[in-house]
2 protein chains.
Amino acid sequence: MSSSAYLDAPSSAYAAPALPLPGAADADWVEPAVWQALLGGARLEPGELAALQAMARLRRLPAGARVFGRGEPALVLVAVLEGSVGLGLARDEAAAPFHLERTLRGPAWVDLGSAWLGGGHGQDARALGPAQLAELPLGAMRLLMARQPAMQDRLLVALAQTVRALSAAAHDLMHKDAEKRLVAWLLQQAGGQSQLRLAERKRDIAAQLAITPETLSRMMRQLKTKGLIAVAGYTVQLLDPAGLLALAGTE
Amino acid sequence: MSSSAYLDAPSSAYAAPALPLPGAADADWVEPAVWQALLGGARLEPGELAALQAMARLRRLPAGARVFGRGEPALVLVAVLEGSVGLGLARDEAAAPFHLERTLRGPAWVDLGSAWLGGGHGQDARALGPAQLAELPLGAMRLLMARQPAMQDRLLVALAQTVRALSAAAHDLMHKDAEKRLVAWLLQQAGGQSQLRLAERKRDIAAQLAITPETLSRMMRQLKTKGLIAVAGYTVQLLDPAGLLALAGTE
DNA sequence: CGAACCCTTGATACGCTTCAACAAGAGTGG
DNA sequence: CCACTCTTGTTGAAGCGTATCAAGGGTTCG
């Protein structure tokens with residue numbers, strides 16, 4: 001096969017110091033488009049944007065850094081602005097210290113729901129690569145919500161989108177086999193493009209699809225021999241989008 | 001095995017007329033405790049209760065009746081008060097016209113999220129048995145939310161609970177085998193009791209657990225021969241709760 | 001250089017589905 | 001009343017899909 005397949009490998013978590021680095025606050029500025037992506041619904045007004053900007057605390061995390069742990073009280077709303085954060089369960093095994101279940105690529109909320117329930121976060125969260133986060137203190141957010149009732153609506157929309165995504169994930173796990181899930185994932189990641197760069201380690205992709213890395217490798221090879229895709233390291237070309245779409249079995 | 005195992009079978013959907021029966025509105029009254037269960041958070045005030053009561057339209061559905069269809073605009077918030085409603089995908093196959101994915105036993109919201117997103121419901125919903133529903137018109141609800149900001153908070157809590165439930169379901173599908181899922185389901189259904197009556201057809205239970213009815217039957221027999229449970233038709237006794245808990249592998 | 005990590009490939013084993021057949025209750029109509 | 005059909009659940013045999021175990025090669029880092 002290809003020889004230098006690892007030259008363009010995504011940033012791996014093991015190389016970086018996996019320390020919390022808690023207060024690396026930048027005086028950075030968040031683009032309105034990012035806030036708009038996080039808070040759907042109607043167009044954000046200048047007043048809302050200013051309030052969000054003022055209350056947001058930005059954090060820049062190295063790869064592998066802990067975002068929060070299961071059971072910790074959710075006193076802030078956490079959003080990924082750039083990079084990706086993984087949701088899963090931390091395990092104290094040397095081989096696989098973190099069981100990834102879901103990845104969130106910015107801009108996206110990270111476990112938005114837990115803030116409204118007692119009992120803290122339901123899962124552990126870790127940065128899968130270098131990531132920039134924004135944290136909105138719950139108290140300030142509640143004040144803003146009281147002043148701007150539309151903000152509550154936006155949060156409802158964001159939560160409803162999460163429900164949709166989780167619902168689709170559960171559906172796929174129930175009714176699609178590994179190949180279907182992989183193809184659907186590839187098509188979704190490509191977003192209409194015919195080329196695709198894998199931004200995560202393949203084992204993390206496998207974890208999201210609930211298959212083993214070995215199976216992922218075999219499936220990729222299978223698709224390659226079928227002539228549907230071309231793989232070179234972390235670059236995938238979708239050679240036959242129509243065939244892939246049919247294979248994904250999007251219902 | 002037992003001979004008359006079907007005498008106490010749950011109401012099956014096929015016998016009832018599967019017609020919409022759209023406007024079977026009763027002038028019934030909904031208990032405050034039910035509203036409280038649906039709308040978590042702080043205790044509901046009399047004003048809120050009165051408003052909910054006034055806007056709610058009650059429907060009583062026969063077994064198998066359609067609640068709503070995928071793609072239909074979500075103009076009302078639908079809640080099950082009594083009975084259970086199944087969420088899934090309608091299929092036009094003679095053998096299995098409805099692919100059940102998730103069941104909601106009253107009191108519970110049915111696809112609460114879709115109201116806040118455009119594009120209508122994401123799944124089909126059908127009554128699994130005789131059920132009583134409440135429908136809250138979205139317009140009236142928005143008015144109430146504007147007057148009583150606490151109501152938005154309650155809906156956020158309800159959606160967050162849905163996220164938790166779906167998240168747990170996805171986790172189980174990824175990391176638990178059929179036996180673990182079944183045992184966890186039994187324990188959850190029993191709710192601390194040592195006896196348990198199955199309220200749905202076993203094939204519907206199997207669908208929820210994402211296994212075939214055949215596998216469910218085999219698992220039940222396996223647990224029976226292990227001495228962990230005793231099965232008689234639709235009645236299950238949990239003989240060894242500690243052993244079951246260990247088997248479920250609750251992490 | 002060795003160590004640590006990544007991905008890949010092969011052989012094997014297990015879990016679960018699929019297919020087929022059967023038993024039992026419920027509704028239907030002669 | 002009985003035969004017929006449709007439902008449901010159960011059981012068995014065979015097969016597919018995926019995990020597990022083991023080994024090997026490539027790259028990076030100390």
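For the numbers below, each heavy atom of this structure counts, side chains included, while hydrogens, waters and symmetry mates do not.
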Side chain of [X]: nearest nucleotide among [options]?
X	options	answer
S217(B)	dT9(C), dT18(C), dT10(D)	dT10(D)
A178(A)	dT17(C), dT8(D), dT18(D)	dT18(D)
R201(B)	dT17(C), dA19(D), dT8(D)	dT8(D)
D177(B)	dT10(D), dG15(C), dT20(D)	dG15(C)

What pairs meet the salt bridge (Lys or Arg N to Asp or Glu O under 4.0 Å) rule with one or both residues in residues 233-244 of chain A, with sequence neighbours excluded?
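Checked against salt bridge (Lys or Arg N to Asp or Glu O under 4.0 Å) - neighbours excluded - no pair reaches residues 233-244 of chain A.
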
Rounded interatomic separation in angstrom, taking [atom1] from [X] and [atom2] from [N]:
X	N	atom1	atom2	value
R218(A)	dT20(D)	CZ	P	12 Å
Q222(B)	dG12(D)	CD	P	13 Å
Y234(A)	dG26(D)	OH	C1'	12 Å
L100(B)	dT8(D)	CG	P	13 Å
R181(B)	dG15(C)	CZ	C1'	11 Å
K176(B)	dA19(D)	NZ	C1'	19 Å
M219(B)	dT11(D)	CE	P	13 Å
E214(B)	dC19(C)	CD	P	10 Å

Contacts of A169(A) that satisfy side chain to side chain contact (heavy atoms under 4.5 Å, CB included) - sequence neighbours left out
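For A169(A), no residue satisfies side chain to side chain contact (heavy atoms under 4.5 Å, CB included) once neighbours in sequence are set aside.
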
Between the base of dT10(D) and the side chain of R203(B), is there any donor-acceptor pair under 3.5 Å?
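Answer no: no donor N or O sits under 3.5 Å from an acceptor.
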
Taking side chain to side chain donor-acceptor pair (under 3.5 Å) as the criterion, tell me which of E200(B), E101(B), R203(B), R102(B) meets it with Q208(B).
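Among the candidates, only E200(B) passes.
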
When rounded to the nearest 0.5 angstrom, what is the spacing between CG in D111(A) and CZ in R164(B)?
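If I round to the nearest 0.5 Å, the distance is 6.0 Å.
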
Mind checking I211(A) for me? I need base, sugar-phosphate or nothing, with any heavy atom below 4.0 Å counting as a touch.
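It contacts sugar-phosphate atoms only.
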
So what does A210(A) touch, heavy atoms closer than 4.0 Å: a base, only the sugar-phosphate, or nothing?
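Sugar-phosphate, no base atom in range.
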
salt_bridge(K226(A), E179(A)) N-O dist < 4.0 Å:
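The answer is yes: the pair qualifies as a salt bridge.
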
Please tell me which of M220(B) and E179(A) maps to the more 5' nucleotide of DNA chain D, matching each residue to the nucleotide holding its nearest heavy atom.
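Of the two residues, M220(B) wins.
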
